[in-house]
Amino acid sequence: MKKTIAIVLTLVLALSMSLGTLAAEVSVPGSGTTDINAEYKKETPTVNHKYYVTIEWGFEGKLTYTVEKDTYTWNTDKLTYDKELVTDGTWTVENGTKVTVKVSNYSDLPVKATCADPDPAEGLTITGNYDKQFFTVASAATNGLDTVKGAVQTGETAYNITAMSGAIAKSGSIGTLTVKIETVEG
């Protein structure tokens, strides 16, 4: 019997040690309470990125191609006018003549703008330079993931035309400028 009492007391002692953190003094009649704890874990949010970019073009200054007037001379032998065509003209590039480029970023990520050299019409050469040929426009999500309204971000440059060569036969387009918009890696 002593052996049985020793085993029971050992079990009671062992159980009281393993359940010690849950133990509470309770009067009889009475009750006890304990908290049930859980770990709070929030997953990384999903962000759906969207791109929306506009490009505004402008032109300042003046480009003029001037051709001397044709000359008509009366031919008394043929009784008709002989026409002398003038084919060589002169370009005048007003100081400050430029094509302006404004990139507006409404996206939640930054974008990179790359401005290509002008592609002149056949037979023409356009000489000039950009203020900056490459630039990054920041994200419009100026407040991070906060739901407060962001702000449109802009970047600007200009292609400054310094000289022209070649001939044109009428007023109109003399070339094109291309701006490539890309995502910013990183």
Side-chain angles (χ1 to χ4, degrees), residues 21 34-70 85-186:
T21 57
T34 187
D35 291 334
I36 301 172
N37 294 315
E39 180 181 332
Y40 176 78
K41 183 178 178 184
K42 187 173 184 177
E43 297 286 328
T44 304
T46 300
V47 179
N48 297 315
H49 300 293
K50 296 207 176 187
Y51 288 95
Y52 179 69
V53 177
T54 61
I55 302 173
E56 294 176 49
W57 306 90
F59 186 81
E60 298 174 19
K62 190 173 185 180
L63 295 172
T64 307
Y65 184 70
T66 305
V67 178
E68 295 296 324
K69 59 186 173 195
D70 294 333
L85 296 174
V86 178
T87 56
D88 294 331
T90 306
W91 280 100
T92 304
V93 179
E94 185 179 273
N95 189 26
T97 298
K98 60 187 170 184
V99 177
T100 58
V101 179
K102 179 180 178 182
V103 177
S104 298
N105 188 9
Y106 297 78
S107 312
D108 66 330
L109 292 173
V111 295
K112 178 182 177 185
T114 304
C115 303
D117 290 331
D119 183 19
E122 188 175 337
L124 295 180
T125 302
I126 303 171
T127 305
N129 55 29
Y130 281 101
D131 294 338
K132 51 188 171 193
Q133 199 160 1
F134 313 96
F135 57 95
T136 299
V137 183
S139 163
T142 55
N143 298 308
L145 290 180
D146 195 347
T147 57
V148 175
K149 185 176 181 178
V152 176
Q153 301 296 305
T154 61
E156 297 181 33
T157 191
Y159 184 79
N160 304 291
I161 301 172
T162 56
M164 290 291 307
S165 63
I168 60 174
K170 62 181 181 175
S171 298
S173 175
I174 60 166
T176 57
L177 283 180
T178 301
V179 176
K180 181 179 177 183
I181 305 295
E182 302 173 277
T183 60
V184 175
E185 298 300 321

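On a predicted model such as this, the values are computed, not experimentally measured, just so you know.
- Taking the side chain as every heavy atom from C-beta outward, Val103 and Val53 approach each other to under 4.5 Å.
- A pairwise comparison of heavy atoms in Leu63 and Met164 identifies CD2-CG, 4.0 Å as the closest pair.
- Between Asp108 and Val47, some side-chain heavy-atom pair lies under the 4.5 Å cut-off.
- Residues satisfying the side chain to side chain contact (heavy atoms under 4.5 Å, CB included) criterion with Asn129, sequence neighbours excluded, are Asn160.
- Pairing each heavy atom of Lys149 with each of Asn143, the nearest pair is O-ND2, 3.1 Å.
- Among pairs with a residue in residues 164-180, those fulfilling salt bridge (Lys or Arg N to Asp or Glu O under 4.0 Å) read Lys180-Glu182, at least two apart in sequence or across chains.
- Nearest heavy-atom pair, Val93 versus Ala163, reported as atom, atom and distance to 0.1 Å: CG2-CA, 4.0 Å.
- By the side chain to side chain contact (heavy atoms under 4.5 Å, CB included) test, Tyr52 pairs with Thr54, Tyr106, sequence neighbours left out.
- In terms of the side chain to side chain contact (heavy atoms under 4.5 Å, CB included) criterion, residue partners of Leu109 (sequence neighbours excluded) are, by chain and number, His49, Tyr51.
- Taking all atoms of both residues into account, the shortest heavy-atom contact from Ala113 to Ile181 is CB-CD1, 3.9 Å.
- Side-chain contact between Cys115 and Tyr159: absent, with no pair of heavy atoms (C-beta onward) separated by less than 4.5 Å.
- Listed for the Gln153 side chain is a donor-acceptor partner under 3.5 Å among the backbone atoms of Ala151.
- Ser104 and Glu56 make their closest contact through OG-OE2, 4.1 Å (heavy atoms, listed as atom of the first residue, atom of the second, distance).
- The CG atom of Leu124 lies 11.0 Å from the OG1 atom of Thr127; values are rounded to the nearest 0.5 Å.
- With values rounded to the nearest 0.5 angstrom, Lys50 atom NZ is found 7.0 Å from Asn48 atom CG.
- Note: Tyr65 and Trp91 have tilted aromatic rings, judged against thresholds of 30 and 60 degrees for the angle between ring planes.
- Applying the side chain to side chain contact (heavy atoms under 4.5 Å, CB included) criterion to Thr100, with sequence neighbours excluded, gives Glu60, Lys98, Ala158.
- Thr125 OG1 to Ile174 CD1: the interatomic distance, rounded to the nearest 0.5 Å, is 10.5 Å.
- Residues in residues 132-142 take part in these side-chain hydrogen bond (donor to acceptor under 3.5 Å, both in side chains) pairs, two or more places apart or across chains: Asp117-Gln133.
- Tyr130 contributes no side-chain N or O that, together with a main-chain N or O of Thr157, makes up a donor-acceptor pair within less than 3.5 Å.
- Shown here are the ring-ring contact (aromatic ring centres under 6.0 Å, His included) partners of Phe135, two or more places apart in sequence or in another chain: there are none.
- Side chain of Asn105 to backbone of Ala138: a donor-acceptor contact under 3.5 angstrom is found.
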